Number of protein chains: 2
Amino acid sequence: MTQARTVNADQMKAAIAEAGLRPTRPRAALIDQMAAWATAGTDFTCEELWHSAQASAPWIGRSTTFRTVELLADLGFLDRVTFADGSERYHVVQPGSHHHHLTCEMCHRVVEIDICLPAEVLETVQRSSGFALTGHRLELFGRCSDCQRHTVPVIDSVDAE
Amino acid sequence: MTQARTVNADQMKAAIAEAGLRPTRPRAALIDQMAAWATAGTDFTCEELWHSAQASAPWIGRSTTFRTVELLADLGFLDRVTFADGSERYHVVQPGSHHHHLTCEMCHRVVEIDICLPAEVLETVQRSSGFALTGHRLELFGRCSDCQRHTVPVIDSVDAE
DNA sequence: ACAAAGATGATACTCAGTATCAATAGCCGA
DNA sequence: TCGGCTATTGATACTGAGTATCATCTTTGT
Ligand SMILES: [Zn+2]
Ligand SMILES: [Zn+2]
Ligand SMILES: [Zn+2]
Ligand SMILES: [Zn+2]
């Protein structure tokens with residue numbers, strides 16, 4: 001029931017320091033942007049992150065953006081979220097937390113859900129398949145309460161909202 | 001319990017005819033290759049399909065391969081399977097059948113499993129989120145019985161096997 | 001302040017997938 | 001069977017996301 005507070009910039013910066021990596025200006029700028037989005041519950045792509053970061057830090061290179069996203073993903077702060085149309089975007093999460101995402105196929109809102117496959121189901125699979133399970137990926141799709149009020153067809157682009 | 005027989009080429013060709021589309025030579029060749037892989041339980045990418053088809057039909061264009069895969073996917077004969085490393089490949093399935101995939105992260109073997117999220121879990125999510133659920137995507141990862149015997153690290157490429 | 005190692009950013013490149021379009025091949029009616 | 005209509009094809013050029021390279025710039029420890 002403990003509502004985990006949104007990941008903030010300092011947590012990510014601290015993790016970088018703990019990993020023995022350097023606290024550089026580009027990393028800080030990119031992390032600040034990601035943290036802002038995290039609080040707003042907004043997901044993003046590398047390209048979007050790059051463009052947004054350039055508003056306040058035009059000197060940041062595209063490569064660095066990709067590198068930083070990969071780094072944060074490795075540190076466990078970024079999850080790839082899959083949408084109904086198959087597109088994938090990044091989402092800031094608490095490292096180590098196991099949860100899944102429910103995305104609105106109309107407005108692309110992302111909600112973290114803490115349900116998972118029941119252990120017994122995993123047991124069954126493991127027994128009947130002979131596989132040793134090591135992980136899974138679960139994404140739920142639907143229409144959020146707001147979007148249920150409209151009759152508009154499902155959108156393709158992410159520019160909505 | 002009825003073990004669904006593997007999808008064969010004729011089923012796919014019939015579906016194309018029923019959709020009012022034309023039974024062309026490239027489509028036939030590509031479908032034959034996919035059907036062969038279906039029986040063998042092999043998954044593939046568009047690029048792989050193209051190369052393989054060229055052995056027996058060097059005149060097939062790359063574009064046509066992409067178009068045919070898209071067509072078959074629309075007709076429900078192809079599922080995108082996700083692997084532990086994030087790569088995605090196609091897998092022939094019975095159209096309309098709801099199931100999920102379990103992939104071996106060492107040899108990339110794909111197994112269809114018929115378990116799913118329990119209805120009550122979906123109910124819970126629906127109630128607590130306010131979303132109207134429209135679908136989901138579930139992929140399980142593990143090591144198949146064969147690969148459990150080895151201690152080799154997880155592979156990256158698909159060329160194994 | 002200095003050298004070593006880490007990190008950066010410009011550039012060029014790869015790779016999967018898409019767009020275009022003239023040429024081809026099924027289909028159907030005469 | 002013929003001829004025209006249209007779906008389909010395949011060559012080509014293009015896009016966009018991500019990667020590789022490498023000289024230059026920073027951070028850090030001494
Ligand atoms: Zn919505
Ligand atoms: Zn889970
Ligand atoms: Zn295996
Ligand atoms: Zn399911």
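Numbered from 1 within each chain, the chains take letters A, B, ... in sequence-line order. Every heavy atom of this structure was used, including side-chain atoms; hydrogens, water molecules and symmetry mates were not. Computed from a predicted model, the values in this text were never measured in an experiment.
A donor-acceptor distance shorter than 3.5 angstrom exists from the side chain of B:Trp50 to the backbone of B:Ile60, with no hydrogens or angles considered. At least one donor-acceptor pair closer than 3.5 Å links the side chain of A:Gln11 to the backbone N or O of A:Asn8. No side-chain donor-acceptor contact under 3.5 Å links A:Asp79 to the backbone of A:Val81. Listed for the B:Glu112 side chain is no donor-acceptor partner under 3.5 Å among the backbone atoms of B:His101.
Computed from C1' positions of five pairs at each end, the angle between the two local axes of the helix from C:dA1-D:dT30 to C:dA30-D:dT1 equals 30°, rounded to 10 degrees.
The stretch residues 8-36 of chain B touches DNA chain C through B:Arg22, B:Pro23, each having a heavy atom within less than 4.0 Å of the strand.
At a threshold of 4.0 Å, the pair A:Glu88-B:Arg137 does not count as salt-bridged, since none of the basic side-chain nitrogens sits closer than that to a carboxylate oxygen.
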Below 3.5 Å between N/O atoms, which protein atoms pair up with nucleotides 17-21 of chain D? Just atom names and distances, please.
unit_1	atom_1	unit_2	atom_2	d
D:dG18	N7	A:Arg62	NH2	2.5
D:dG18	O6	A:Arg62	NH2	3.0

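Put simply, CG on A:Leu71 is 12 Å from C1' on C:dG6, counting in whole angstrom units. Rounded to whole angstrom, the span from the CH2 atom of B:Trp50 across to the C1' atom of C:dA16 amounts to 12 Å. Distance A:Asp74 CG to C:dA7 P: 13 Å, rounded to the nearest Å. A:Asp85 places its CG atom 15 Å from the C1' atom of C:dG17, with the value rounded to the nearest Å.
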- Task: Would you check, one step at a time, whether the test ring pair (Phe, Tyr, Trp, His ring centres under 6.0 Å) holds for A:His100 with B:His136?
- Result: CA-CA 11 Å; A:His100 300 289; B:His136 61 264; over 10 Å; no

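In this structure, the separation between SG on A:Cys46 and CZ on A:Phe66 is 4.5 Å, given to the nearest 0.5 Å.
For B:Glu123, the salt bridge (Lys or Arg N to Asp or Glu O under 4.0 Å) partners at least two apart in sequence or on another chain are B:Arg127. Among residues two or more places apart in sequence or in another chain, the ring-ring contact (aromatic ring centres under 6.0 Å, His included) test is passed with A:Phe83 by A:His108.
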Indicate every side-chain donor-acceptor pair of residues 12-36 of chain B with a distance under 3.5 Å to a residue at least two apart or in another chain.
unit_1	atom_1	unit_2	atom_2	d
B:Lys13	NZ	B:Asp32	OD1	2.9
B:Thr24	OG1	B:Arg27	N	3.4
B:Arg27	NH1	B:Arg22	O	2.8

